[in-house]
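All values below come from the heavy atoms of this structure, side chains included, with hydrogens, waters and symmetry mates left out. Just so it is clear: chains get the letters A, B, ... in the order the sequence lines come, proteins before strands, and each one is counted from 1.
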Amino acid sequence: MSFSNEITSWYNSNKRDLPWRNTTDSYTIWLSEIILQQTRVEQGMPYFYRFLERYPTVADFAAATEDDILKLWQGLGYYSRGRNMLATARLVNEHYKGRFPTQYNELIKLKGVGEYTAAAIASFSANEAKAVVDGNVYRVLARYFGISEPINSPAGKKLFQQTANDVLNMEHPGLHNQAMMELGALVCKPKNPACGICPIKTDCYAFLNNATTQLPQKLKTVKVRERYFHYFLVTNGSEILMNKRGPKDIWANMYDMPMIETSENMNAYEVLNLAESIEYFGHTPQVSEVSGPHKHVLTHQRLNINFIILNSREIKLKQEWFYANEEKLKNLAMPQIIFLFLTNFLN
DNA sequence: AATCCGGGGAT
DNA sequence: ATCCCAGGATT
């Protein structure tokens with residue numbers, strides 16, 4: 001039996017029952033694929049259900065605001081995915097009359113849709129013969145063929161895409177793609193792969209050469225940046241002083257509180273002195289309580305976050321600042337660390 | 001080619 | 001602690 005026949009046969013009897021596999025609607029598949037980028041199936045699943053329920057069609061999605069989308073996306077991370085989705089939904093609604101594309105060459109033009117996602121949507125919704133290459137596929141191919149080229153080098157990306165194209169089942173590309181990823185997720189796992197139950201172990205380079213821990217190869221990871229955020233909690237009766245973040249940096253266009261970032265750690269009083277020197281509040285507030293530092297670890301940054309609770313009135317509001325009551329807070333998309341802190345603070 | 005963009009689970 | 005997850009955009 002061929003490579004593809006082995007894995008698709010295995011897939012048919014071992015696959016998980018995942019909701020986005022029960023449709024060929026390209027809008028629904030797009031929704032699932034964007035949500036699942038760099039995201040585990042278990043983590044993305046509840047978001048998939050929520051988005052599909054709230055926005056059953058691309059026209060519904062297109063009618064949403066960015067605040068709506070970011071709020072529903074809250075906690076999932078990589079928020080540019082949500083912002084790109086809105087741009088794409090609006091474009092599809094206008095220029096494709098609400099018919100979400102199914103062809104690779106159209107899909108690849110859309111914001112937030114790269115080679116992987118275009119191939120996934122095209123093969124799952126229309127059986128177009130495009131091979132997907134995601135983290136699972138890199139692993140399966142590297143081990144099976146004994147490819148030691150790093151998966152994140154430009155040469156490696158080309159080589160793995162070419163290899164995936166070569167083994168693609170041209171009769172059933174969608175099924176084949178699903179099978180490759182499912183094998184990587186359930187059997188050919190990063191740590192402790194279940195080679196004993198693998199349907200292609202008898203021809204697998206890594207299994208035969210005891211090299212599963214060496215493959216795939218990956219270029220060294222980038223260093224983590226240390227950052228120090230000092231948040232100010234200012235209340236005005238029942239309202240909290242909030243801040244809308246700018247379009248750059250992390251958490252673009254989301255909501256947090258006024259804050260000062262420093263290059264080194266500082267205590268609350270040093271931060272207050274700094275705030276006074278730059279006339280951050282227009283006057284000198286008083287500290288009532290300090291909480292932190294809270295460590296918040298992201299892929300490229302380690303955030304050290306202090307919360308400084310202030311006794312203060314008559315704050316001179318900057319343009320991006322506003323007071324929000326609890327009802328208003330419910331609709332604001334916040335970084336998870338801010339959301340959790342405020343939830344705790346208000347209870 | 002390198003860096004940025006989140007949050008969480010597994011080991 | 002480290003790795004990695006149905007990656008893509010930006011510089």
Can you tell me how the ring of [X] sits relative to the ring of [Y], calling it parallel under 30°, perpendicular over 60° and tilted otherwise?
X	Y	result
A/Tyr280	A/Phe232	tilted
A/Phe48	A/Trp20	perpendicular
A/Phe160	A/Tyr138	perpendicular

Assign [X] to base, sugar-phosphate, or nothing according to its heavy-atom contacts below 4.0 angstrom with the strands shown.
X	result
A/Val41	sugar-phosphate
A/Glu42	nothing
A/Asn177	nothing
A/Val137	nothing
A/Ile34	nothing
A/Arg139	sugar-phosphate
A/Ser80	nothing
A/Trp20	base

Connected via hydrophobic side-chain network under 4.5 Å: A/Ile315 and A/Ile260: yes

Record whether the side chain of [X] comes under 3.5 Å of the base of [N] through a donor-acceptor pair of N or O atoms.
X	N	result
A/Arg40	C/dC4	yes
A/Gln43	B/dG7	yes
A/Thr117	C/dG7	no

Distance in angstrom units between [X] [atom1] and [N] [atom2], rounded:
X	N	atom1	atom2	answer
A/Asn253	B/dG6	CG	P	11 Å
A/Leu107	C/dG8	CG	P	11 Å
A/Ile338	B/dG6	CD1	P	13 Å
A/Lys218	C/dC5	NZ	C1'	9 Å
A/Ile337	B/dG7	CD1	C1'	11 Å
A/Arg81	C/dC5	CZ	C1'	10 Å
A/Lys248	C/dT10	NZ	P	11 Å
A/Ile121	C/dG7	CD1	P	13 Å

Per [X] side chain, nearest of listed nucleotides [options]:
X	options	answer
A/Trp251	B/dT11, B/dG7, C/dA6	B/dG7
A/Gln178	B/dG7, B/dC5, C/dA6	C/dA6
A/Gln336	B/dG8, C/dG7, B/dC5	B/dG8

At less than 4.0 Å, is any side-chain N or O atom of A/Tyr79 found next to OP1 or OP2 of B/dG7? Yes or no.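 Answer is yes, contact under 4.0 Å.
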
Considering just the side-chain nitrogens and oxygens of A/His296, establish if one lies under 4.0 Å of OP1 or OP2 belonging to B/dG7. yes

Give a yes/no verdict on a cation-pi contact between A/Arg50 and A/Tyr47, requiring under 6.0 Å between NZ or CZ and the six-membered ring centre and an angle within 45° of the axis.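 Yes, a cation-pi geometry.
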
Nearest-nucleotide wise, let me know which of A/Arg16 and A/Asn84 is further upstream toward the 5' end of DNA chain C. A/Arg16

If you assign A/Met181 and A/Leu110 each to the DNA chain C nucleotide with the nearest heavy atom, which residue ends up on the more 5' nucleotide? A/Met181

Interatomic distance at C1', B/dG6 relative to C/dC3, whole Å: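 So the two C1' atoms sit 15 Å from each other.
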
Taking the P atom of each, how far is B/dC4 from C/dA6, in whole Å? 24 Å

For A/Gln38 and A/Pro154, take the nucleotide of DNA chain B holding the closest heavy atom to each; which residue's nucleotide lies nearer the 5' end?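 It is A/Pro154 whose nearest nucleotide is closer to the 5' end.
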
A/Gly77 or A/Lys191: which one's nearest nucleotide on DNA chain B is closer to the 5' end?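 That would be A/Gly77.
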
Ring centres under 6.0 Å, that's the criterion: do A/Phe307 and A/Phe345 meet it?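 No.
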
Verify the distance criterion only: is there a donor paired with an acceptor across the side chains of A/Lys244 and A/Asn253 at less than 3.5 Å? no

